[in-house]
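Report on one structure; see the data block that follows.
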Amino acid sequence: MFGKLKDMIKDKFRNIAIIAHVDHGKTTLVDGLLKQSGTFEVHETISDRVMDSMDLEKERGITITAKNTAILYNDIKINIVDTPGHADFGGEVERSLNLVDGVLLLVDASEGPLPQTRFVLQKALNRNLPIILVINKIDRPDARIKEVINEVYDLFIDLDANEEQIEFPIIYTNAKAGVASENMDVESKDLFPLFELIINTFPGPKADDNHTTQFLITNIDYDSYVGQIAIGRLNNGSIQKNKQYALCGIGEIKNNCKLSACYTFNGLEKIKVDSLEAGDIIAVAGIENIKIGDTISDNEEPEPLPRIVIDEPTVSMFFHVNNGPFSGKEGKYLTSRNISERLYRETLSNVSLKINKTNETDIFEVCGRGELQMAILIETMRREGYEFMVSRPRVIMKEENGNKLEPVESVFLDLEEGHTGVVTEKLSKRKGRMTNLQNNGYGRVSLEFKVPSRGMIGFRSQFLTDTKGTGILNSLFDSYAPWFGPIPQRNTGVIIADRPGKVTPYASLAMVDRGELFVEVNTEVYKGMVVGERNRVGDLDVNIVREKKLTNMRSASKDNTVVLRPPKKLSLDQCIEFIAEDELIEVTPVNLRMRKMELDINKRLSQNKKNK
């Protein structure tokens with residue numbers, strides 16, 4: 001007969017995740033594994049980073065959502081989960097680690113373990129998962145492999161890894177060339193040593209086909225034909241198509257739920273099957289209103305699994321219905337119903353986001369992990385045809401024993417020696433405290449700070465300017481600490497249009513010594529719209545649409561030879577960092593505009609007097 005559940009190991013499966021700092025080559029390595037396992041036919045043409053399927057992932061070169069694929073090697077099915085390397089998408093990493101029994105930790109042979117490596121490794125160690133260290137990009141001319149391995153050992157000790165976890169095997173790879181070797185002196189022609197190491201190091205999943213069905217939903221996909229598709233690992237039992245099961249949600253169990261389709265993964269495709277066995281990563285369809293963390297279990301005697309626990313959000317932004325003068329001209333979906341439905345749909349597949357309703361029906365509070373996660377959501381909605389406005393990000397405060405607590409981040413900086421002073425000064429103004437300084441002796445310095453999250457909003461673009469684009473900045477959530485007091489934000493004012501119309505060359509020329517413009521000549525503007533950054537404190541309302549009056553002495557073509565400085569075009573991320581508390585970004589599929597919350601100058605002045 002079958003042994004006890006803990007002794008049942010399914011040796012025909014291996015479930016693994018690849019974790020790393022952003023841009024260390026996770027997705028490229030998955031490309032190589034897919035190609036060399038024979039998943040694609042010889043005549044198929046494959047794009048680079050095939051797992052990064054979203055347009056935004058391809059453009060930014062980062063992974064945003066965790067995705068899984070499956071390859072067959074020597075009759076063993078290896079399920080691989082490609083995870084994001086950025087802490088803002090930590091919810092994706094936490095979910096992914098629920099699916100797997102082992103982790104490939106990918107580290108760049110030159111850069112070594114970076115802050116996000118620490119973040120994702122901490123999550124894996126907390127779940128007690130075995131680890132293989134993959135040193136990638138060994139062909140880099142500046143590779144320093146021995147030092148990097150020692151840094152990884154130091155990181156494991158720092159994160160309180162136990163003796164078993166520290167005894168990890170090491171393999172050296174060049175993911176782009178598709179080669180891997182366990183010994184640096186032995187040349188390899190393929191990734192087969194990595195395949196062998198995965199199968200010999202990681203155990204098969206513990207699962208029993210004869211146990212009560214337990215399927216924990218860790219991801220949700222949507223198909224216009226079959227509806228919601230639940231993805232996850234079938235921990236125990238088996239699942240048959242058209243059989244009835246129970247859906248165990250928060251505090252309620254729905255019985256008699258019938259599955260209309262069952263899928264297993266092969267390469268990048270979902271393959272329809274009639275039955276699914278325990279230990280595999282699978283997908284099912286046919287049940288509506290499922291949520292991440294729900295369990296599909298036996299209809300008669302359901303046994304739900306513990307729900308997935310995700311770190312709390314630290315940043316919130318307000319999404320407003322666009323009420324500006326240009327409202328409805330460029331977007332397809334702009335009503336509060338459209339926006340609330342879209343935000344609700346996002347929470348179904350993104351567990352680290354929370355949507356709170358406010359006292360006003362046309363404003364929604366969206367809580368998430370960081371500015372980047374918010375920018376990705378805004379950009380995705382914008383491309384889908386939505387038109388709305390967003391406020392400046394705010395940090396989410398906590399109260400404990402009557403004390404106000406705010407989130408604090410560990411900030412890791414790598415910059416040239418000459419820029420240390422100016423960056424340290426800027427961070428100390430933002431209530432930052434230096435905790436570590438290392439001079440590597442190559443003219444570059446590594447700094448570590450503890451800074452309140454409020455102080456980090458809008459700092460990234462200033463940092464790049466101060467370091468002339470050569471600095472590297474990474475930040476991680478550290479803890480909550482007592483409120484640090486007021487932090488000075490933007491130290492310049494803005495130039496605001498005081499009437500509607502088209503921007504003229506004559507008015508733009510007059511602004512040269514007042515500041516820098518964000519808008520080109522002939523751009524349509526409205527009253528209260530931010531058209532530039534002033535070069536001193538305080539806002540300036542100007543007539544940016546003023547025409548030059550003609551006299552008998554002047555001809556209409558006299559100004560055609562005037563050369564204007566090109567305007568500074570801000571990206572969405574830069575707009576989010578730039579705006580102040582009393583400003584909004586108007587987001588449409590065509591344009592990004594910044595504006596004051598209160599468009600009328602007289603009302604703004606009276607509000608400022610009241611606030612003083």
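The figures that follow rest on heavy atoms only: side chains count, while hydrogens, waters and symmetry mates do not. Bear in mind the structure is a predicted one, so any value in this text is a computation, not a measurement.
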Under the side chain to side chain donor-acceptor pair (under 3.5 Å) rule, what pairs show up with a residue in residues 533-546, not counting sequence neighbours?
T492-E533, D539-K596, D541-R604
Between E379 (side chain) and I376 (backbone), is there a donor-acceptor pair under 3.5 Å?
no
Quiz question: by atom type and distance under 3.5 Å, do the side chains of S446 and D414 form a donor-acceptor pair?
no
Could you report the tightest heavy-atom contact between V148 and S110, atom names first, then the distance?
CG2-O, 4.3 Å
Which pair of non-hydrogen atoms, one from F449 and one from G432, has the smallest distance, and what is that distance?
CD2-C, 4.2 Å
What residues, two or more places apart in sequence or in another chain, satisfy side chain to side chain contact (heavy atoms under 4.5 Å, CB included) together with E365?
S316, F318, N356, T358, C367
Those residues that, when tested against D158, pass salt bridge (Lys or Arg N to Asp or Glu O under 4.0 Å) (two or more places apart)
R118
Between atom CG of L106 and atom CG of N136, what is the distance when rounded to the nearest 0.5 Å?
4.5 Å
Side chain to side chain contact (heavy atoms under 4.5 Å, CB included) filter on A481, not counting sequence neighbours, yields V408, F484
Under the criterion ring-ring contact (aromatic ring centres under 6.0 Å, His included), I'd like the reasoning laid out for F578 against F518: C-alpha separation, chi angles, the key distance, then a yes or no.
CA-CA 12 Å; F578 179 78; F518 298 148; 5.3 Å; yes
Suppose we screen for ring-ring contact (aromatic ring centres under 6.0 Å, His included). Which residues come up paired with F364, at least two apart in sequence or across chains?
none
Non-neighbouring partners of T435 that pass side chain to side chain contact (heavy atoms under 4.5 Å, CB included), sequence neighbours left out
R433, E448, K450
V537: what forms a side chain to side chain contact (heavy atoms under 4.5 Å, CB included) with it, not counting sequence neighbours?
none
Listed by chain and number, what are the salt bridge (Lys or Arg N to Asp or Glu O under 4.0 Å) partners of R140, not counting sequence neighbours?
D108, E111, D142
Could you tell me whether the side chains of E387 and T588 share a donor-acceptor contact shorter than 3.5 Å?
no
Without placing hydrogens or testing angles, list every side-chain donor-acceptor pair under 3.5 Å for residues 421-430, not counting sequence neighbours.
from : atom 1 : to   : atom 2 : distance (Å)
T424 : OG1    : T420 : O      : 2.6
K426 : NZ     : D466 : OD1    : 3.2
K426 : NZ     : D466 : OD2    : 2.9
S428 : OG     : T424 : O      : 3.2
S428 : OG     : E425 : O      : 2.8
R430 : NH1    : G455 : O      : 2.4
R430 : NH1    : I457 : O      : 3.3

Please report the shortest heavy-atom distance between P393 and I576, naming the atom on each side.
CG-CG2, 3.5 Å
Any side-chain heavy-atom pair from V390 and F319 closer than 4.5 angstrom?
yes
Determine whether the side chains of N591 and E586 contain a donor N or O and an acceptor N or O closer than 3.5 Å.
no
Measuring from D139:CG to N174:CG, what's the distance to the nearest 0.5 Å?
4.0 Å
To the nearest 0.5 Å, how far apart are CZ in R382 and CG in L592?
4.0 Å
Let me confirm one number: the CD1-CE distance from I487 to M456, rounded to the nearest 0.5 Å.
11.0 Å
Check whether any side-chain heavy atom of V103 lies under 4.5 Å from a side-chain heavy atom of L97, and answer yes or no.
yes
How would you list all residue pairs meeting ring pair (Phe, Tyr, Trp, His ring centres under 6.0 Å) that involve residues 136-156, not counting sequence neighbours?
Y153-F168, F156-F168
Which salt bridge (Lys or Arg N to Asp or Glu O under 4.0 Å) pairs, counting each pair once, include a residue from residues 510-528, with sequence neighbours left out?
K527-D600
Salt bridge (Lys or Arg N to Asp or Glu O under 4.0 Å) filter on R454, not counting sequence neighbours, yields E406
Does M597 offer a backbone N or O that forms a donor-acceptor pair with the side chain of R595 under 3.5 Å?
yes
